[in-house]
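Side chains included, hydrogens not; waters and symmetry mates left out as well; all remaining heavy atoms used.
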Amino acid sequence: MLNGLYFRLSDPTVQEVGAWEFVSENGEEALVSAVMLEVHGNMPVTYVKLKGLCKDSVYREEGSGRCYGSDALMESGIPLPVEMGEYRAYQMYFKKME
């Protein structure tokens, strides 16, 4: 996705995750990247809130095949897996369902 909008989803200087997103100009596709910067025992689940999606739409995360409402992705966020090890990187590609 070379053209589109760029969003910084977190502040890595104060949060445990660095996350950013590229969204197509029509809002139908989104590529989210996240890196866990700090991992410790008994950690809560980290959520990343997306931006720039089409309101009242459903998006499919292509890696897992799971579908999410755009409002839920932008208000509550997508949970990142809880895995041990620093600097775990995740990438999720969302595509709007017709």
Worksheet item: Is the backbone N or O of K55 less than 3.5 Å from a side-chain atom of S57, with the two atoms forming a donor-acceptor pair by type?
Response: yes

Discussion item. Let's go through V32 and Q91 carefully: what are the C-alpha distance in whole Å and the side-chain angles of both, what is the deciding distance for side-chain contact (heavy atoms from CB on, under 4.5 Å) to 0.1 Å, and is it a yes or a no?
Written reply: CA-CA 6 Å; V32 177; Q91 193 167 61; over 6 Å; no

Fill in: Between CH2 on residue W20 and CG on residue L9, distance to nearest 0.5 Å
9.5 Å

Item to complete: State the CG-CG distance between L50 and D71, to the nearest 0.5 angstrom.
Response: 12.0 Å

Worksheet item: Atom CZ of R8 and atom NZ of K51: how far apart are they, to the nearest 0.5 Å?
Response: 9.5 Å

Discussion item. Nearest 0.5 Å, please: how far is CG in L31 from OH in Y6?
Written reply: 11.5 Å

Discussion item. So which atom in V35 and which in A89 form the shortest heavy-atom distance, rounded to 0.1 Å?
Written reply: CG2-CB, 4.2 Å

Worksheet item: When rounded to the nearest 0.5 angstrom, what distance separates CG in L73 from CE in M92?
Response: 9.5 Å

Practice prompt. Check whether any side-chain heavy atom of F22 sits under 4.5 Å from a side-chain heavy atom of L5, and report yes or no.
Written response: no

Quick one: side chains of residues 58-67, donor-acceptor pairs under 3.5 Å with protein atoms, not counting sequence neighbours, listed by atom name and distance.
unit_1	atom_1	unit_2	atom_2	d
Y59	OH	G27	O	2.4
Y59	OH	C54	N	2.9
E61	OE1	G63	N	3.4
E61	OE1	S64	N	2.8
E61	OE1	S64	OG	2.9
E61	OE2	G63	N	3.1
S64	OG	R66	N	3.2

Discussion item. So which atom in A19 and which in S10 form the shortest heavy-atom distance, rounded to 0.1 Å?
Written reply: N-OG, 2.8 Å

Worksheet entry | E28 CD to F94 CZ distance, which is reported to the nearest 0.5 Å | 15.5 Å

Worksheet item: Does any non-hydrogen side-chain atom of P81 lie less than 4.5 Å from one of Y90?
Response: yes

Discussion item. Could you check whether any side-chain heavy atom of L80 comes within less than 4.5 Å of a side-chain heavy atom of V45, counting everything from C-beta outward?
Written reply: no

